[in-house]
Structures are given as structure tokens and as C-alpha cells.
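Notes follow once the structure below has been shown.
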Amino acid sequence: MTYGFGPGGTNAFGADPRIDPATGERLSSREGVYDRQGRIRVRGDGGYLTINQDFGALTLTSITSYLDGYFLNEVDGDGTGAPLLHLDFIADVREYGQDLRIATDLEGPVNFIAGLYYFRDELDSIFRILQFGGGFTADQTFRQVRDSYAAYVDGTYAATADLTLYGGLRLTKEKGRLDDFQSIINIPGLGIPSTDLRYDETEPSGRLGVRYAFNADLMGYAQYARGYRSSGFNGGAVAFPGDLNIVRPEFLDAWEAGLKSELFDRRLLLNVAAFHYRFTDQQFINSISLTETQLVNAGSSRLNGLEIEVTARPTSRLNLNAGLGLLDTKYTELELSGLDLSGNELLESPKVSFNLSADYTAPLSGGGSLRLHADMVYKSEQYFSAFNADKFPESLQQADAFTEVNARIAYRSPGDRFEVGLWGKNLTDNDVPTGAGTDQGTLTFFTTVPYPRRYGVDISAKF
């Protein structure tokens with residue numbers, strides 16, 4: 001959904017996107033007025049081939065994949081009947097993957113998986129911007145090719161009947177190539193001439209951990225893992241040559257400890273995990289406007305969290321599931337647009353999230369059954385911008401807490417041959433944004449909202 005953040009909620013054309021120009025009435029959060037159809041086309045073809053060869057205590061596995069896809073999205077970005085902001089995204093994608101590995105099933109205390117991996121993706125991209133009815137136009141095109149090579153091993157060592165040590169190591173070589181990146185703009189002095197960029201890097205990653213079975217129903221674990229995200233090109237550069245750059249690799253150090261339990265004859269499953277993540281050289285998109293987007297290594301951050309998962313089966317007919325997530329996040333080092341944002345919360349990191357579901361099966365005379373299901377999810381407030389509330393208009397990019405509820409009732413015939421169900425989704429009619437962004441060039445604020453409250457009937461049959 002689109003809003004204006006100029007005076008009185010207007011955009012750069014002086015129009016309020018939330019007002020219907022035909023009636024003068026205010027539009028709901030799921031309504032808009034548009035001057036283009038907004039086509040979306042997605043096509044994908046591909047295949048996967050998995051081959052397993054058993055050699056007794058050793059299994060050789062080959063997984064080969066191929067994908068060819070096309071994507072088109074024509075967006076009316078300003079959400080009004082005027083041609084203030086039109087965006088076209090067009091992409092041709094091809095992906096190739098090959099994984100060759102061996103896995104052991106030895107009688108001794110040591111077992112492992114080891115392999116070689118290759119992945120290649122090719123992207124031909126077109127991005128077009130039209131603003132102010134053609135007063136500003138940009139045509140950005142490029143071809144990107146990335147190759148990833150890796151060798152890895154991951155193994156376990158059963159030190160005792162109760163104590164297991166595990167660990168893994170991966171060495172990854174990444175090569176990226178950006179060919180003929182250019183952006184042609186109808187305003188002299190703006191745009192990016194044809195440019196080629198390259199990166200070539202090799203980085204290790206891995207994990208090390210321990211598991212201990214206190215008894216048949218309770219297991220504890222603790223582990224450390226080192227993660228890695230490769231360098232990347234700023235595909236969002238449009239108007240300024242200085243925005244076209246290569247961002248350095250990002251690294252994650254993750255510590256986690258937890259308990260997994262099966263209690264009361266497996267009628268209650270309880271899992272608890274606590275974790276601490278620390279990001280360094282964190283890759284970050286600083287989006288000032290659609291024509292000025294910077295990809296930077298913004299600094300570092302840390303994240304502390306607790307997750308609790310419960311599955312209960314009080315009777316053979318009733319199944320309950322619940323989950324609780326607690327997060328405490330902050331950027332420990334971050335500077336964007338000349339502002340020190342250290343201490344701000346991470347993007348899309350609500351402090352509290354909770355989910356609950358229940359399933360009940362009621363047998364009926366004649367052999368059929370009635371099946372009842374309900375679930376809900378809650379998330380607390382969150383930000384979609386690292387500026388949090390420090391800078392306008394980025395401070396608009398936040399969402400309130402919300403609760404969403406779904407339910408379903410169904411009849412299943414004897415022998416489970418067919419089922420008829422009546423369902424309702426988003427029964428609370430939640431319209432809290434799930435994402436947001438701003439464009440200072442057109443004074444436009446964008447949000448995405450969930451589908452509205454809706455009902456339906458589904459029928460399934462087995463032959």
C-alpha cells in the first residue's frame with residue numbers, strides 16, 4: 001500500500017494516495033487507485049537428479065540440479081491515478097548445481113559426511129524507472145555471473161554411550177562477475193557508464209559442538225558455528241557511479257545451547273534453546289531513494305535470543321503446539337548517512353513472538369470424523385529500517401504489534417477417502433504492515449499488508 005509523507009499526507013504531485021479522486025473518500029489499507037495494470041509474470045523450468053550408490057558402510061550420493069526462470073513485475077509505485085512513479089523489474093535467471101558426497105555408517109564411534117559442491121547462477125537484469133510522467137527516466141541493465149566451489153566434511157564422534165562430539169569444516173571459493181552494468185538517465189550528468197566488476201575470495205566456515213544424553217528422555221547440547229556471506233555487487237545503483245561497488249564478505253559467530261526432551265511417555269515434547277549471534281562487516285542496504293541506494297559494510301551487531309517449543313498430546317484426539325521467541329538485538333557499530341545508529345534494534349526483529357495451534361479429532365457414528373483446527377500468531381512491534389525512529393522519513397518504516405488467527409473445520413469420510421473443509425483465515429482482519437520502504441524523490445511511503453479476512457471451502461479425495 002502507498003502513502004504520501006509530504007504536507008497533509010501528499011506525495012510529490014500534491015496528491016494524497018489514500019484519497020479516492022473519483023469520490024473524495026478515504027481508501028482502506030487494502031485499497032488503492034492505479035494508472036497501470038501491474039502485471040506479474042513468473043516462469044520456471046528445471047529438474048533434479050539424485051543418485052545413491054550403496055557400498056555397505058559407505059553411501060555415495062550425487063545431486064544435480066538445473067533451473068531456468070523468468071520474472072516480470074510492472075509496479076505502480078505511487079499508488080495514484082497519476083504517472084508519478086512506475087517501476088519495471090525484468091530478470092532471466094539460470095542456475096546449475098552439483099553436490100557429490102559420501103556418507104559413512106560405521107560400527108565404530110566415528111561417522112562423517114564429506115563432499116564437493118559447485119553452484120553457478122547467471123542473471124540478466126533490466127530495471128526501469130519512470131518518475132513525474134517521464135520527467136525522469138532510468139534504464140539499468142547488467143549481467144551477473146557467480147560461481148561457488150566448496151569442499152566440506154562434517155562428522156560425529158561418540159565418546160561414550162551418552163556423550164557425542166560433532167563438528168564440520170567447509171572451505172568455499174566464490175567468484176563473481178558483473179558485466180556491462182550501465183544505467184542510462186534522461187538528465188545530463190546522471191547515470192552510470194558501462195562498467196565491469198570482479199571479485200574472487202576463499203573463506204572457511206564450520207561448527208563445533210557437543211551433545212549429552214542425560215537419560216532416554218532428555219538431551220542437552222551446546223555448539224559454536226562460524227558463518228559466512230560472500231561479497232556482492234550493488235545491483236541497486238542507478239544515478240551515481242559511486243554507488244556501484246563491491247561489498248566485502250559478512251561473518252557470523254553463533255553460540256547456541258539448549259535442551260530437547262520427551263516427557264510423560266512422549267505426550268509432552270519440550271525444547272528450549274538460547275543463542276547469541278555476533279555479526280561483523282555486516283552487509284547493509286542504505287536506501288535513500290529509488291535512484292540512490294548504497295550497499296555497504298555497515299559495521300557489527302549482536303543478537304541474544306531464547307526459543308521455547310512445546311508439543312502436548314493430552315489425549316489421542318487432542319494435539320497442542322506452542323512456541324515462544326524472545327529477542328534482544330542491537331547494532332554495536334553502525335553509521336549511515338552521517339548518523340551514528342549504534343544501539344538501534346536490528347531490522348525485522350520483534351522482541352516477542354508467539355504461536356499456538358490446536359487440533360482435535362471427534363469420531364462420528366458410521367466411521368467418519370470431524371476435525372477441528374485453530375492457530376494464532378503474535379508479534380510485537382518491529383522496525384523495517386536501521387534508523388528506527390532516529391530519522392524521518394525512515395522512521396515511518398515500523399509496525400505495531402499484531403495478532404492473527406486462523407481456523408478450519410472439516411468432515412473426513414470413513415476410510416479417509418474424501419474430506420470437506422470450511423476455513424477462515426486472518427479472522428482478526430489484521431492489516432499491520434509486514435514490510436515498508438520510503439522514496440524521498442517522490443515523497444512516497446510503501447507498505448505490504450497481509451491478505452484480509454477471508455473464508456473458503458476445500459474438497460479433497462483419494463483414489
Side-chain angles (χ1 to χ4, degrees), residues 1-27 29 31-41 71-91 125-142 181-194 234-244 285-295 337 384-385 387 391-397 433 435-448:
M1 202 50 54
T2 309
Y3 302 82
F5 59 82
T10 59
N11 58 25
F13 265 7
D16 185 347
R18 308 315 313 141
I19 300 297
D20 186 337
T23 64
E25 297 181 357
R26 178 159 291 276
L27 301 168
S29 60
E31 294 179 315
V33 178
Y34 306 98
D35 65 309
R36 65 188 319 208
Q37 184 180 6
R39 292 186 302 163
I40 298 178
R41 292 182 179 177
F71 175 77
L72 166 70
N73 189 9
E74 297 176 342
V75 179
D76 182 357
D78 58 279
T80 69
L84 175 60
L85 178 58
H86 291 177
L87 306 171
D88 294 341
F89 302 89
I90 305 172
S125 174
I126 300 174
F127 176 43
R128 300 190 183 106
I129 301 176
L130 182 145
Q131 291 181 333
F132 305 106
F136 176 94
T137 62
D139 288 272
Q140 180 219 74
T141 59
F142 65 85
F181 185 107
Q182 58 181 310
S183 180
I184 301 174
I185 296 178
N186 65 340
I187 297 177
L190 296 180
I192 302 174
S194 179
N234 182 14
V238 174
F240 307 105
D243 290 344
L244 180 58
I285 298 176
N286 183 25
S287 181
I288 300 171
S289 69
L290 287 169
T291 59
E292 188 175 3
T293 299
Q294 300 165 352
L295 182 61
S337 301
F384 301 116
S385 166
F387 289 97
K391 179 175 177 287
F392 184 86
E394 287 82 0
S395 56
L396 297 170
Q397 300 177 44
T438 56
D439 178 52
Q440 298 186 33
T442 58
L443 305 182
T444 304
F445 169 48
F446 316 90
T447 66
T448 55

Check the pair Q131 / T442 against side chain to side chain donor-acceptor pair (under 3.5 Å), numbers first and verdict last. CA-CA 8 Å; Q131 291 181 333; T442 58; 5.0 Å; no
For L190 and F240 the tightest heavy-atom approach is CD2-CE2, 3.7 Å
Do E394 and F384 come within less than 4.5 Å of each other through their side chains, counting heavy atoms only? no
How long is the gap from CG on L87 to CZ on F127, to the nearest 0.5 Å? 5.0 Å
I185 to A138 - nearest heavy-atom pair and separation: CG1-CB, 3.8 Å
Does any non-hydrogen side-chain atom of T293 lie less than 4.5 Å from one of I285? yes
Would a 4.5 Å heavy-atom cut-off, applied to side chains only, mark L443 and F13 as touching? no
Do the side chain of N73 and the main chain of F89 share a donor and acceptor less than 3.5 angstrom apart? no
Sub-4.5 Å side-chain heavy-atom contact between D35 and H86: yes
Contacts of type salt bridge (Lys or Arg N to Asp or Glu O under 4.0 Å), residue D139, not counting sequence neighbours: R128
So F142 and L244, do their side chains get closer than 4.5 Å, heavy atoms only? no
Specify the closest pair of heavy atoms between F181 and Q140, including all atoms of both residues, with the distance to one decimal. CZ-NE2, 3.5 Å
Quick one: list whatever passes salt bridge (Lys or Arg N to Asp or Glu O under 4.0 Å) with D16, sequence neighbours left out. R26
Got T2 and D76 here, is their nearest side-chain heavy-atom distance under 4.5 Å? no
For the atom pair CZ (R41) and CD (E74), what is the distance rounded to the nearest 0.5 Å? 8.0 Å
What one should report as the nearest heavy-atom pair of V75 and R36 is O-NH1, 2.9 Å
Rounded to the nearest 0.5 Å, the CG atom of D243 sits from the CD atom of E292 at a distance of 5.5 Å
Within the 4.5 Å heavy-atom criterion, are I129 and T137 side-chain neighbours or not? no
Rounded to the nearest 0.5 Å, what separates atom CZ in F71 from atom OG in S125? 10.5 Å
Taking the side chain as every heavy atom from C-beta outward, state whether L84 and F132 have any atom pair closer than 4.5 Å. yes
Out of curiosity, D439 CG to T291 OG1, how far, rounded to the nearest 0.5 Å? 7.0 Å
In short, F446 meets L85 closest at the heavy-atom pair CZ-CD2, 3.7 Å
Determine the minimum heavy-atom distance between Q440 and F5, stating which atoms define it. CA-CZ, 3.9 Å
